[in-house]
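One structure is given below, represented as structure tokens, and several questions about it will come after.
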Amino acid sequence: MGNTKIMLGNEAIARGAYEAGVKVSAAYPGTPSTEISENIVKYDEVYAEWSPNEKVALEVAIGASLAGVRSMASMKHVGLNVASDPLYTVSYIGVSGGLVVVVADDPGLYSSQNEQDTRMIARAAMVPVLEPSDSEEARVFTKLAFDYSEKYDTPVIVRTTTRLSHSQGVVNLEDRVCPIDIPYERNMRKNVMMPGCAKARHLYVEERLKNMAEDANTMEINRTEYNDTSIGVITSGIEYQYVKEALPNASVLKLGLVHPLPKKLIEEFASKVDKLYIVEELEPVIEEQVKSWGIKAIGKEIFTVQGEYSSNMLKKAILGVDETYMDPVEVPARPPILCPGCPHRSTYSVLKKLKIHAAGDIGCYTLGAVAPLNVVDTTVCMGASISTLHGMEKAKGSEYIKDWVAVIGDSTFLHTGVNSLMNMVYNKSKATVMILDNSTTGMTGHQDHAATGKTLKGEETPAISIYNLCKSLGIEHVYEVDVFDVDELENVVKRETARDELSVIIALSPCALLKSYVPKGLCHAIPEKCKKCGQCLVPGCPAITKNEDGTISIDDTLCNGCGLCMKRCKFDAIGFTPNPKK
Ligand SMILES: Cc1ncc(C[n+]2csc(CCOP(=O)(O)OP(=O)(O)O)c2C)c(N)n1
């Protein structure tokens, strides 16, 4: 065997970019795309950064491309919404060094707020899309994307999905080959998108896509596999694997380039099979185009637009064979919950006590929406907590939001929350904003950000002070509070929500899962003192369970001694053993 390695899809994308000679990579974390950056940073030859959001990341990559080197931006599907402003226009500008945007979709919503399909945005932005089906293709297609980018003068999207990004497969390793940097040349008509220049570029983009669609008919990555022609399937991405497993004898047209589509190749394939199926997760993007050409095909009539596919699901839908071999077993639901010792639990127990509603945002703290906390009432997208609360105030007046706060994490605040806070200052808001600062991007697995003092490479860097940032906007009332000082937190929240002025409370305490976090100790139940009042259970710590007799037990493999339960117990029925290492 040559030089091979088993790699995650995301790791293989990073490898492909490395081999293609990429020099700059910028990203904002988001499941399932995060490991692309976490792997590319291991190659010393590549400059790799976490940017504060996806728009910035794409613009950094555009700058690097304009400077003549190959560059990449990566993000999850909703990140592309944030980056769509530069995307739509860099499509007109095109590239100097190859520019690749890797976007990871999440059919089945394993960790997302929606299930949007990147191919729809790519079509609207007139940007080509490559879609690999396994780790090796993830490497190869990423390299190819850089070649196409330069050949057709276009940014190229490599689209992956959770199943591909997070599955492993054998990858062939090749050497890194760096193209010579392209010397900078001023080109106003191409790079300055004022109306006069953009009109001409729009026509170019239409032409570019037509040319690419024509070439797509003979591209090797669009491949026909003729077998039994009674069934033909057009598919791409991870769905190809399901098709091969479910219908090993069927004829398949496997598309590597999913936008633009190879019309002639599809027409030819359709003419050779008796019954044509189009198997694509999420939206009927291929199907609608194929049907618009007058080709008869079966797609979303029998396949869902929601969630992931599987070979069993295809067998059932196409062959009517149900091979689900397990009886559906009643498994108790295990909804996601905040970890033991999570600082957000302390914040929410205070807000719950004060009967405060929260306009929520995206992060671990979104879990404040579920029982037993039930504090977070809204979640839209990153940064939206502050602006939606502002909208409520403008609709109904400041009295109406007296029992409301906006809650937003530190990473989310720096992502897009800060713009919304600027708006509150500018438009004279009287709301209370709580920045839940746990010193990390918790939800996506502890990535650093501009306020942590560490870069993606792990180097020391100045940490932006969120406190000073808020003060610099001219907000008079900005307070930092330790979330485990519950009395103080309660006082500050009461005081600031009552105040008829804008205020910001920065609720501080590091995420209990950070490597640097040393648990304070262990809590233990003292059953003889327990009055079975259940107060310790209210914040919903997973380390505490109620016994049949109404007393409680604390699982010392889960407890990290945050002490929240102890503070809630009026009968000293919870003891504490300090951590000798603290
Ligand atoms: C536009 C967009 N980009 C990325 C994500 C993925 N994501 C969800 S929450 C989050 C940040 C969470 O960090 P923070 O705000 O610090 O809250 P924590 O999870 O630490 O409580 C990220 C990156 C997303 N949902 N939307």
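Every number for a ligand or one of its atoms is a count from 1 in the order of the listing.
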**Report entry** Salt bridge K454-E459, side-chain N to carboxylate O under 4.0 Å
**Finding:**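 E459 and K454: not salt-bridged.
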
Report task. Distance to 0.1 Å, residue and atom name: give those for the protein heavy atom nearest to atom 20 (O) of ligand 1. Result ->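 Minimum-distance protein heavy atom for atom 20 (O) of ligand 1 reads G442 N, 2.7 Å.
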
Query - Salt-bridge contact K494-E490 (side-chain N to carboxylate O under 4.0 Å) - result: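 The answer is yes: the pair qualifies as a salt bridge.
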
Report task. Run the salt-bridge test on D105 and R159 with the 4.0 Å N-O cut-off and return the result as yes or no. Result ->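 Yes, charged N to carboxylate O under 4.0 Å.
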
**Report entry** Polar contact flag for V78 and ligand 1 (N/O pairs, less than 3.5 Å)
**Finding:**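 N/O-N/O distance below 3.5 Å does not exist for this pair.
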
Query raised in the report: Looking at side-chain heavy atoms only, is the closest gap between F413 and I506 below 4.5 Å?
Result: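 Counting from C-beta outward, F413 and I506 never come under 4.5 Å.
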
Report task. Answer yes or no on whether K567 is positioned over the face of F484, meaning its NZ or CZ is under 6.0 Å from the six-membered ring centre and within 45° of the axis. Result ->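 Judged by the rule, K567 and F484 form no cation-pi pair.
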
Query - Option of least heavy-atom distance to atom 14 (P) of ligand 1 (set: G363, C342, S411) - result: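 Among G363, C342, S411, the closest heavy atom to atom 14 (P) of ligand 1 belongs to S411.
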
Query - From the candidates W50, Y28, Y365, the one that places a heavy atom nearest atom 17 (O) of ligand 1 - result: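 Minimum heavy-atom distance to atom 17 (O) of ligand 1 goes to Y365.
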
Query raised in the report: What is the closest protein heavy atom to atom 10 (C) of ligand 1, and at what distance does it sit?
Result: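 Atom 10 (C) of ligand 1 sits closest to the protein heavy atom M382 CE, 3.9 Å.
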
Query raised in the report: Under 4.0 Å from any heavy atom of V82, which atoms of ligand 1 are there?
Result: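 Those atoms are 1 (C).
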
Requested in this report: Classify the ring geometry between Y18 and Y43 as parallel (under 30°), tilted (30 to 60°) or perpendicular (over 60°).
Outcome: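 Because their plane-to-plane angle is under 30°, the rings of Y18 and Y43 count as parallel.
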
Query raised in the report: Do the side-chain N and O atoms of H259 and E131 include a donor-acceptor pair separated by under 3.5 angstrom?
Result: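 Checked: H259/E131 side chains show no N/O donor-acceptor pair below 3.5 Å.
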
Requested in this report: Could you tell me which atoms of ligand 1, counted from 1 in the order shown, lie closer than 4.0 angstrom to a heavy atom of G30?
Outcome: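 Listed by number with element, the hits are 6 (C).
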
Query raised in the report: Taking the non-hydrogen atoms of M75, is any one of them nearer than 4.0 angstrom to ligand 1?
Result: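 Contact absent.
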
Query raised in the report: Considering only the protein, which heavy-atom contact is closest to atom 21 (O) of ligand 1, and what is its distance?
Result: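 Minimum-distance protein heavy atom for atom 21 (O) of ligand 1 reads H344 NE2, 2.7 Å.
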
Query raised in the report: Is there a nitrogen or oxygen of T31 sitting under 3.5 Å from a nitrogen or oxygen of ligand 1?
Result: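 No, no N or O pair falls under 3.5 Å.
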
**Report entry** K402, NZ: over 12 other non-hydrogen atoms inside 6.0 angstrom
**Finding:**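 Result for NZ/K402: enclosed.
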
Query raised in the report: For H449, is the nearest heavy atom under 4.0 Å from an atom of ligand 1?
Result: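 It does not, in that no heavy atom of H449 comes within the 4.0 Å cut-off of ligand 1.
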
Query raised in the report: Between T412, I362, I408, which one has a non-hydrogen atom sitting closest to atom 8 (C) of ligand 1?
Result: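 Minimum heavy-atom distance to atom 8 (C) of ligand 1 goes to I362.
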
Query raised in the report: Looking at atom 25 (N) of ligand 1, what's its closest protein heavy atom, distance included?
Result: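 Sorting protein heavy atoms by distance from atom 25 (N) of ligand 1 puts Q113 OE1, 3.4 Å first.
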
Query raised in the report: Does the side chain of F146 reach to within under 4.5 Å of the side chain of V22, using non-hydrogen atoms?
Result: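 Contact flag for F146/V22 side chains = yes.
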
Query raised in the report: Can you tell me the protein heavy atom closest to atom 16 (O) of ligand 1 and the distance?
Result: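 For this ligand atom, the closest protein heavy atom is D410 OD1, 2.7 Å.
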
Query raised in the report: Looking at N438, which atoms of ligand 1 are within less than 4.0 Å of one of its heavy atoms?
Result: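 So the answer, numbered in order with elements, is 18 (P), 20 (O), 21 (O).
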
Report task. Tell me which one of T444, L367, L414 gets a heavy atom nearest to atom 7 (N) of ligand 1. Result ->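 Ranked by closest heavy atom to atom 7 (N) of ligand 1, first place is T444.
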
Query raised in the report: Do K430 and E501 sit within salt-bridge range, that is, some charged N less than 4.0 Å from a carboxylate O?
Result: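 Here K430 does not pair with E501 in a salt bridge, since their nearest N and O are not under 4.0 Å apart.
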
**Report entry** Selection from K55, E54, K76 by shortest heavy-atom distance to atom 3 (N) of ligand 1
**Finding:**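 Checking each option, the heavy atom nearest atom 3 (N) of ligand 1 is found in E54.
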
Report task. Go through the structure and list residues passing salt bridge (Lys or Arg N to Asp or Glu O under 4.0 Å) with E280, not counting sequence neighbours. Result ->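 For E280, the residues satisfying salt bridge (Lys or Arg N to Asp or Glu O under 4.0 Å) (neighbours in sequence not counted) are R119.
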
